[in-house]
Structure formats: C-alpha cells, structure tokens
There are 2 protein chains.
Amino acid sequence: MKKKDIKILLVDDEQDILEIVGYNLSQEGYQIVTASNGKEAIAKAKKEHPQLIIMDVMMPEMDGMEACENIRKIPELQDTIITFLTARSEDYSQVAGFDAGADDYIAKPIKPKVLVSKVQALLRRLKGVEGVSSTTTLTVGNIEINREEYKIIKDGEEIILPRKEFELFYLLATKPGKVFTREEILDKVWGNEVVVGGRTIDVHIRKLREKIGDSFFKTIKGVGYKIEF
Amino acid sequence: MKKKDIKILLVDDEQDILEIVGYNLSQEGYQIVTASNGKEAIAKAKKEHPQLIIMDVMMPEMDGMEACENIRKIPELQDTIITFLTARSEDYSQVAGFDAGADDYIAKPIKPKVLVSKVQALLRRLKGVEGVSSTTTLTVGNIEINREEYKIIKDGEEIILPRKEFELFYLLATKPGKVFTREEILDKVWGNEVVVGGRTIDVHIRKLREKIGDSFFKTIKGVGYKIEF
DNA sequence: TAATCTATTAACAATTAGGTAACGCATTCG
DNA sequence: CGAATGCGTTACCTAATTGTTAATAGATTA
C-alpha cells in the first residue's frame with residue numbers, strides 16, 4: 001500500500017486544527033477526510049473506511065470517547081487505528097480513551113513535525129506500507145507457523161487454529177524446549193491484567209494436543225509446559 | 001548486583017510518560033535514564049549501558065522498532081533486555097518487534113504497579129539480582145543442568161526431574177564439593193517458612209541417587225551433603 | 001437471525017509430587 | 001559392650017497439580 005492510498009480521518013470541532021493538521025498530512029501525501037463532531041465522524045468512517053482516525057476527545061454533539069466506542073463496533077473498521085488528541089494536563093494513566101478502544105493518543109499542543117512522524121510510525125503497523133517487512137512465518141521441526149493467517153502447516157497439512165490456541169502455540173514455539181511457567185503463559189498470551197481460571201491453560205493445551213499431536217507437548221508438573229520436536 | 005546499580009533507559013516521546021514511569025521506577029531504587037526518540041535512545045544506550053530498555057514503539061524521528069534493531073547490533077548491549085510499550089493489547093504473535101529483537105512487551109495503558117512488577121520479573125534474568133542466577137545451563141562433570149528446561153543431561157541421556165528434586169540438585173551443583181548443611185538446604189530449597197520433617201531431605205537425596213547415580217552424592221554425617229564429580 | 005465457533009468455567013477423575021512414619025543399620029561414645 | 005545418635009530405605013498417605021469432559025456464554029459467520 002502506498003502513501004497516497006492511505007486515508008486519514010481528522011475529527012475536531014475547531015476548524016483551525018483541521019486545517020493545520022490536514023495541511024501537514026496532505027503535504028505528506030495522505031488523503032484527508034474531516035469531520036467536526038462524533039456523529040459526523042462515525043458516518044464518515046463508515047463511508048470512507050480510513051486506515052487512521054485522529055480525533056479530539058472533547059467535542060460537541062458526541063465526544064471522541066463515545067464515537068470511538070461506536071466505531072470499534074463496526075466490523076469493517078476493526079483494523080482502523082484510532083488516536084486521540086488530548087490535553088497535555090491529563091495524567092497519562094488516567095486517560096480513559098484506551099478503554100474505549102483507542103490505540104494511542106497525541107498530546108496537545110500539536111507540533112506539526114511531531115504529528116507527522118507519529119502518524120508515520122502508527123501507519124507502519126499496516127501491512128505492506130513502504131515495504132515494512134516482518135517475518136510472518138516461523139518454522140519449528142516439521143511445522144510451519146504462519147502468524148498472519150493463524151494457521152500452521154504440519155507435514156503439508158494445514159491446520160487452522162483459533163486465536164488463543166494459536167497464541168499459546170506460538171509462544172511455546174518461539175523457544176522449543178524451554179519450559180514456560182503458567183504465570184509466564186498467562187502474562188504473555190492473556191495479557192497483563194486478565195485473570196482467567198486455573199484450568200484455562202490446560203484446556204487449551206489439550207486442544208493443541210488433539211490438533212497437532214500429543215507427543216509435542218510436555219508437562220513439567222509444578223512448573224509449566226514446553227514443546228519438543 | 002544490587003538494585004541501585006541497575007540502570008533503566010526509558011524511551012518515549014511524551015514527557016508525561018517519562019515522568020510517571022520514571023518516578024515509579026526510581027522509587028523502587030533503580031537508576032533512570034531517559035530519551036525521547038529512537039536516535040537519542042541509541043546514543044544513550046551506547047553511553048550508559050543500561051540493563052533494561054523500556055521503549056515506546058511509536059515515536060517521531062526513529063521509532064522503537066528501528067531503534068531496537070540498531071541496538072541489537074551493538075556488541076556491548078547484547079545482554080540488554082529490551083521491552084516495548086505497545087498500543088492496547090495486541091495479540092502476542094502480532095506484536096511486531098519480536099522480529100526486531102525485543103524481549104517482552106508491556107501493553108498500554110500502563111499501570112504503575114503492573115509495570116514495576118514486570119520490570120522486576122524481567123530483571124530477575126540478570127545475573128546476581130537478588131540471588132537469582134541467570135545462567136540457564138550449568139555443567140558439572142559429565143552432567144549438564146538446564147534450568148530453563150528443567151532437565152539434566154547425563155552422558156547424553158535426558159533426565160527430567162520433579163521440581164523439588166531439581167532444585168535440590170541444582171543447589172548442590174552450584175558449588176560442587178561444598179558441604180551444604182541441612183539447614184542451608186531447607187532454607188534455599190524449601191524456603192524460610194516451610195517446616196518439613198527431618199527425613200524429607202534424605203528421601204529426596206535418595207531419589208536423586210537413584211536417578212543420577214549414587215556415587216555423586218556424599219553424606220557428611222552430622223553436617224550435611226555435597227556432590228562430587 | 002440462526003447456526004456455528006471460541007473461550008472460559010465447572011466438576012470430577014487421574015496422576016504425581018512431596019512428605020511422613022517406621023524400621024534397620026552403622027557409627028560413636030560412655 | 002550396649003545405648004544413643006544420625007542416616008538410609010521402604011512403603012504409604014495426602015495434598016497439590018494436571019487431565020478430561022461437558023456445559024455455557026459470548027463472538028463470529030453464514
């Protein structure tokens with residue numbers, strides 16, 4: 001995907017900001033769409049399918065937070081990156097926007113240069129922009145792991161794994177032989193704060209054993225799990 | 001190595017984050033160095049030789065990914081742990097940056113408590129911090145002890161040990177020849193608070209003798225045990 | 001909207017690790 | 001020479017840990 005194919009939706013109630021930011025970004029070659037409140041933002045997002053949305057938190061009609069929540073519910077816009085513009089004074093850890101589904105935020109006052117480079121950094125995540133390469137497959141033993149499509153190929157046979165199962169397998173596969181403690185697994189696969197019941201890991205391991213092969217997975221009692229090839 | 005000798009490099013373009021995170025970590029006794037973009041990060045990393053780098057992925061000038069790749073190429077910084085701050089909770093396998101050589105990631109929004117405990121966990125990997133050793137393998141005689149995989153290899157033969165047995169053996173193996181008193185063993189393997197009966201150690205020693213070989217274990221009557229090769 | 005899939009939990013079974021008691025043997029020491 | 005002490009050994013018990021299955025709520029897809 002090239003720069004000129006990337007669409008950015010700017011949302012702010014102040015015309016000045018739309019102009020300045022819009023100008024700078026379009027200079028860089030991005031396509032710019034604007035909206036001046038939350039409702040309009042949702043409408044335009046649906047219609048235009050932007051890759052990135054930069055939105056002020058405080059706006060009349062519908063604020064950024066609410067709009068963000070709504071946009072996150074739209075299936076086609078799952079991969080859209082949403083960034084808030086927030087007042088500097090807010091305590092970072094208090095920024096509620098993350099709960100609403102935002103990916104990042106940019107603090108005001110906005111410096112054009114900073115903004116532009118930040119936008120570029122954000123867009124690096126998008127597949128194929130400026131040929132950003134990332135190894136999408138990992139091979140262990142006779143198994144090839146394709147993390148873009150959440151599937152693995154074992155002896156030429158394709159096995160599609162659900163998200164969590166895949167994540168778990170992928171984690172173990174990054175260091176074959178290494179024993180991952182339950183704690184470690186929870187932390188990396190389930191995330192920092194999520195608390196799930198004690199048997200959850202076992203069940204997922206079992207499913208992997210069924211699908212991939214029992215023999216690969218070793219249980220080290222009192223410690224955790226590992227895979228071996 | 002003590003806490004106050006540990007240097008952490010924080011990299012983020014937002015001053016707020018540097019302050020909050022920096023404050024929390026310095027409260028814990030760590031030395032903090034900061035940088036606000038990738039280029040600066042590389043420069044400071046070279047100069048300061050931090051043990052841990054916590055870096056935002058998205059930054060102007062040079063983003064975290066690129067900086068990480070560059071830092072990884074610096075010989076003196078091979079052992080430095082690099083952790084990314086990533087937007088929201090991306091799936092583990094999707095967290096770009098592992099390709100770039102990152103060791104771990106922390107998801108935004110950052111909660112100080114979570115951060116601090118995560119940092120502590122990461123630093124346990126470093127040799128000598130709070131007596132936790134980082135060496136993953138230890139070789140004594142014809143036996144290789146692999147802490148990461150919870151197994152020992154004797155003459156090419158793999159022996160998997162239960163947790164307590166492994167820890168007991170590992171303890172003795174850290175100083176071959178040294179006599180460990182029962183008190184010492186209980187303290188290190190079983191922990192300060194647990195009270196177990198008098199014969200417990202014997203039984204475990206016996207199990208090790210069975211699995212690994214009687215001849216390695218010497219009993220010093222009235223004192224304790226040691227291993228010899 | 002109905003029809004799948006997924007992730008998680010709950011409940012129970014199976015397994016194993018850790019610990020203990022009991023007994024026997026050796027060494028030490030009076 | 002016994003008695004006392006410390007250690008080795010076995011068998012057994014219990015608690016902790018994991019395996020397994022099924023049920024359910026939530027997502028996702030057709």
Side-chain angles (χ1 to χ4, degrees), chain A residues 69 72-79 101 149-151 159-172 179-186 188-191 193-227, chain B residues 89 91-93 150-151 159-172 179-183 185-186 188-191 193-227:
Chain A
E69 281 174 11
R72 274 283 171 253
K73 287 175 189 158
I74 303 170
E76 313 93 83
L77 299 176
Q78 285 301 310
D79 297 328
E149 304 180 38
Y150 283 89
K151 72 182 181 186
I159 303 173
I160 293 179
L161 295 176
R163 195 156 30 251
K164 284 280 187 263
E165 282 169 42
F166 184 87
E167 302 292 338
L168 174 54
F169 183 62
Y170 184 82
L171 172 65
L172 295 176
V179 176
F180 288 82
T181 64
R182 280 158 178 274
E183 202 185 354
E184 231 171 323
I185 292 172
L186 280 179
K188 298 217 164 146
V189 177
W190 272 264
E193 299 163 35
V194 188
V195 180
V196 292
R199 297 271 66 69
T200 301
I201 294 177
D202 303 50
V203 174
H204 283 268
I205 288 280
R206 184 178 154 275
K207 286 176 184 164
L208 287 175
R209 281 177 162 150
E210 270 178 4
K211 290 176 185 170
I212 298 169
D214 191 45
S215 55
F216 298 117
F217 301 85
K218 308 280 178 197
T219 304
I220 314 298
K221 267 204 145 183
V223 188
Y225 296 95
K226 69 172 171 175
I227 52 177
Chain B
S89 53
D91 286 332
Y92 177 75
S93 68
Y150 258 85
K151 71 182 182 189
I159 304 172
I160 293 181
L161 297 175
R163 196 170 53 199
K164 282 278 189 281
E165 283 170 40
F166 184 88
E167 271 159 26
L168 172 54
F169 183 59
Y170 188 82
L171 173 65
L172 295 177
V179 178
F180 289 82
T181 65
R182 282 161 177 274
E183 201 184 353
I185 292 172
L186 279 179
K188 299 215 166 150
V189 178
W190 272 264
E193 300 164 15
V194 188
V195 181
V196 293
R199 298 271 68 68
T200 301
I201 294 177
D202 303 52
V203 174
H204 282 271
I205 288 282
R206 189 191 145 265
K207 285 175 182 165
L208 287 176
R209 280 177 161 149
E210 264 181 6
K211 290 175 184 170
I212 298 168
D214 192 46
S215 56
F216 299 116
F217 300 87
K218 308 286 176 194
T219 305
I220 314 301
K221 281 190 123 176
V223 190
Y225 297 94
K226 68 171 175 174
I227 52 177

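Just so it is clear: chains get the letters A, B, ... in the order the sequence lines come, proteins before strands, and each one is counted from 1. Just so it is clear, the structure is predicted and the values come from calculations on it, not from any experiment.
Look at Y150(A) and you won't find any side-chain N or O under 4.0 angstrom from OP1 or OP2 of dC5(C). For dC7(D), one of the phosphate oxygens OP1 or OP2 lies less than 4.0 angstrom from a side-chain nitrogen or oxygen of R182(B). At least one side-chain nitrogen or oxygen of R209(B) sits closer than 4.0 Å to the OP1 or OP2 atom of dG8(D).
With dC7(D), dT10(D), dT8(C) as the choices, the nucleotide that has an atom nearest any side-chain atom of T219(B) turns out to be dC7(D). For V196(B), whose side chain is taken as the heavy atoms from C-beta onward, the closest listed nucleotide among dC7(D), dG19(C), dA11(C) is dG19(C). Relative to the side chain of K207(B), the nucleotides dA7(C), dG18(C), dT18(D) differ in distance, and dG18(C) lies closest. Side-chain atoms of R206(A) lie closest to dT21(D) of the nucleotides dT21(D), dG8(D), dT20(C). For V203(A), the side-chain atoms get nearest to dA10(C) when compared with the rest of dT28(D), dA10(C), dC7(D). Distance from the side chain of D202(A) is smallest for dT20(D) among the nucleotides dT17(D), dG19(C), dT20(D).
Residue contacts shown for F217(A) are absent, as no nucleic acid heavy atom lies under 4.0 Å away. Within 4.0 Å of Y225(A), counting heavy atoms only, lie sugar-phosphate atoms of the nucleic acid but no base atom.
Within 3.5 Å, a donor on the side chain of K221(A) pairs with an acceptor on the base of dT15(C), or the reverse.
Checking each of T181(B), T200(B), V196(B) against L186(B) for a side-chain contact (heavy atoms from CB on, under 4.5 Å) leaves exactly one that passes, namely V196(B). Partner of Y225(A) under the side chain to side chain donor-acceptor pair (under 3.5 Å) criterion, chosen from E184(A), R182(A), K218(A): R182(A).
In this structure, E165(B) atom CD and dT16(C) atom C1' are separated by 11 Å, rounded to whole Å. If you measure from atom CD of E210(A) to atom C1' of dA22(D), you get 13 Å, rounded to the nearest angstrom. Rounded to whole angstrom, the span from the CG atom of L208(B) across to the P atom of dG8(D) amounts to 13 Å. When rounded to the nearest whole Å, the span between CD1 of I201(B) and P of dT20(C) equals 11 Å. For K164(B) and dA15(D), the NZ to P distance is 17 Å, given to the nearest whole Å. Atom CH2 of W190(B) is separated from atom C1' of dG18(C) by 9 Å (rounded to the nearest Å). The interatomic distance linking I205(A) (CD1) with dT17(D) (C1') rounds to 14 Å, in whole Å. Across the protein-nucleic acid pair, H204(B) atom NE2 and dG8(D) atom C1' stand 15 Å apart, rounded to whole Å.
When all heavy atoms of L172(B) and I205(B) are compared, the closest pair comes out as CD1-CD1, 4.1 Å. In terms of heavy atoms, D214(A) sits closest to R209(A) at OD1-CD, 3.1 Å.
Using bins of under 30°, 30° to 60° and over 60° for the plane-to-plane angle, the ring pair H204(A)/W190(A) lands in the perpendicular bin.
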